Amino acid sequence: MTTRIAIMGAAGRMGRALIDACGLTPALTLSAAIDRPDSTLIGRDAGECNGGWALGVPISGSLAEASDFDVLIDFTLPEVTLAHLEFCRSKGKRMVIGTTGFTPEQRATIATAAQHMAIVLAPNMSVGVNLCLKLLDTATRVLGHDADIDIIEAHHKHKLDAPSGTALRMGEVIAAALGQELSDIAVYGRGAGRSEERKPGTIDFSSIRAGDIVGDHTVMFAGQGERIEITHRATSRTNFARGALRAASWIMQQKTGLFDMQDVLGIK
Ligand code: NAD
């Protein structure tokens with residue numbers, strides 16, 4: 001049986017990558033494509049808008065008009081994602097959430113909803129990045145107390161939030177392996193005017209926003225006489241879209257709970 005997918009944010013960069021990837025995944029069917037109600041693309045075919053063949057799926061301005069689906073994949077804005085949680089919960093739909101930039105309170109709202117529905121929430125759906133999280137856990141356990149740890153990320157100039165959700169997730173994984181809370185040891189940007197030595201035990205974040213960079217993340221463990229760097233570079237959005245579709249297939253086996261890509265990939 002195929003899984004029926006609805007894509008929220010269908011006209012966006014990730015929405016278009018998902019529409020492309022859906023067409024290459026026989027076990028999944030694109031059932032609905034939704035974008036903002038005032039979009040000029042409402043009513044147009046999702047495939048044609050994406051420069052491809054007509055798919056027979058018009059872009060709709062409301063999720064309520066498109067209730068014939070199993071999993072909603074949402075790559076939009078935090079407030080947009082939250083606005084659709086209750087609809088999906090009440091209709092027994094599952095969600096795969098790729099949106100980033102949630103506040104701790106918004107994440108708590110998602111966790112509460114997941115007591116009644118199945119959700120995959122991952123700031124980075126790439127299989128490679130999630131493998132890196134596993135490697136970071138191992139590296140931190142071996143090196144973490146003897147090295148200075150920096151997380152350096154670069155994204156395209158249109159990205160709104162910084163540090164990236166992926167950089168923060170990497171920070172959380174490292175902090176957990178150190179037995180700490182990220183909020184207690186994170187340092188965000190060492191800008192001009194700051195004149196002090198680095199304190200031991202911090203995780204320093206740096207963000208670059210430039211050009212069309214899809215997403216680069218490097219974690220540097222700088223010790224005495226050696227330095228280890230774990231780097232992931234995304235070269236297109238395809239890897240995020242493929243990961244999100246893998247999550248959508250996987251979540252059909254779950255009824256309730258909040259999961260991440262480590263759960264989906266079985267590397268927790
Ligand atoms: P984008 O701006 O290109 O697309 C967002 C889309 O959401 C737009 O088409 C916009 O019209 C639509 N939208 C806005 N308001 C809406 C509403 N009320 N109802 C329906 N649709 C609405 O952004 P993007 O680059 O595709 O990224 C979207 C989100 O996904 C960001 O938070 C980004 O950081 C995140 N992202 C996550 C991953 C991951 O792997 N988890 C990868 C890439 C991007």
Side-chain angles (χ1 to χ4, degrees), residues 6-21 32-44 46 49-50 58-66 69 72-88 95-103 106-107 110 119-133 153-170 172 207 209 211-217 232-248 251 258-265:
I7 297 174
M8 181 65 66
R13 285 173 286 256
M14 274 309 300
R16 283 180 273 133
L18 282 159
I19 290 167
D20 274 347
I34 307 108
D35 210 277
R36 42 190 305 158
D38 59 351
S39 167
T40 53
L41 299 177
I42 300 302
R44 296 204 28 216
C49 289
N50 211 13
I59 298 184
S60 150
S62 155
L63 188 57
E65 290 168 18
F69 66 92
L72 178 67
I73 304 183
D74 187 315
F75 284 76
T76 55
L77 295 163
E79 58 276 20
V80 176
T81 305
L82 290 186
H84 295 114
L85 260 184
E86 175 52 25
F87 177 90
C88 288
M95 282 182 87
V96 171
I97 302 175
T99 304
T100 63
F102 293 110
T103 63
Q106 289 172 325
R107 282 167 66 147
I110 294 171
I119 301 175
V120 173
L121 171 66
N124 194 311
M125 301 270 174
S126 143
V127 172
V129 161
N130 285 282
L131 176 59
C132 282
L133 293 178
E153 55 99 352
H155 283 84
H156 55 87
K157 61 187 174 189
H158 302 294
K159 185 167 175 62
L160 299 179
D161 50 319
S164 70
T166 304
L168 291 170
R169 183 75 197 115
M170 288 175 157
E172 285 170 357
S207 298
R209 294 289 174 264
D212 62 355
I213 302 169
V214 176
D216 292 354
H217 293 86
H232 178 271
R233 295 190 201 287
T235 51
S236 84
R237 290 184 177 78
T238 306
N239 74 98
F240 305 126
R242 288 168 61 96
L245 294 182
R246 190 162 164 169
I251 205 170
L258 183 58
F259 305 97
D260 59 21
M261 282 301 283
Q262 310 265 304
D263 296 306
V264 173
L265 300 176

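Just so we're clear, the structure is a prediction, and the values are computed from it rather than from any experiment. The residues of the chain are indexed from 1 along the displayed sequence. All ligand and atom numbering here is 1-based and tracks the order in the structure.
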ask   = Would you say Ala122 and ligand 1 have an N/O pair spaced under 3.5 Å apart?
value = yes
message = If you define the side chain from C-beta out and look only at heavy atoms, does anything of His217 sit under 4.5 Å from Ser164?
response = yes
Atom 30 (O) of ligand 1: the protein heavy-atom neighbour that sits closest, reported with distance to 0.1 Å = Phe75 CD2, 3.5 Å
ask   = Hey, is ligand 1 close enough to His84 that some N/O pair sits below 3.5 Å?
value = no
query = Is the shortest distance from a heavy atom of Pro123 to ligand 1 less than 4.0 Å?
reply = yes
task = Please report which non-hydrogen protein atom sits nearest to atom 10 (C) of ligand 1, along with the residue it belongs to and the distance in Å to one decimal place.
result = Asp35 OD1, 3.4 Å
inquiry  = So if I count the atoms of ligand 1 from 1 in the order they appear, which ones are less than 4.0 Å from some heavy atom of Val80?
reply    = 15 (N), 16 (C), 17 (C), 18 (N), 19 (N)
key: Any N or O of Met14 closer than 3.5 Å to N or O of ligand 1   = yes
Parallel, tilted or perpendicular, as decided by the 30° and 60° cut-offs, for the rings of Phe87 and Phe69 = parallel
task = With heavy atoms only and a cut-off of under 4.0 Å, state how Met8 meets ligand 1: side chain, backbone, both or neither.
result = side chain
inquiry  = Counting only heavy atoms closer than 4.0 Å, does ligand 1 sit against the backbone of Lys159, its side chain, both, or neither?
reply    = side chain
query = Do any nitrogen or oxygen atoms of Arg13 lie less than 3.5 angstrom from nitrogen or oxygen atoms of ligand 1?
reply = yes
ask   = Could an N or O of ligand 1 be found under 3.5 Å from any N or O of Met125, whether backbone or side chain?
value = yes
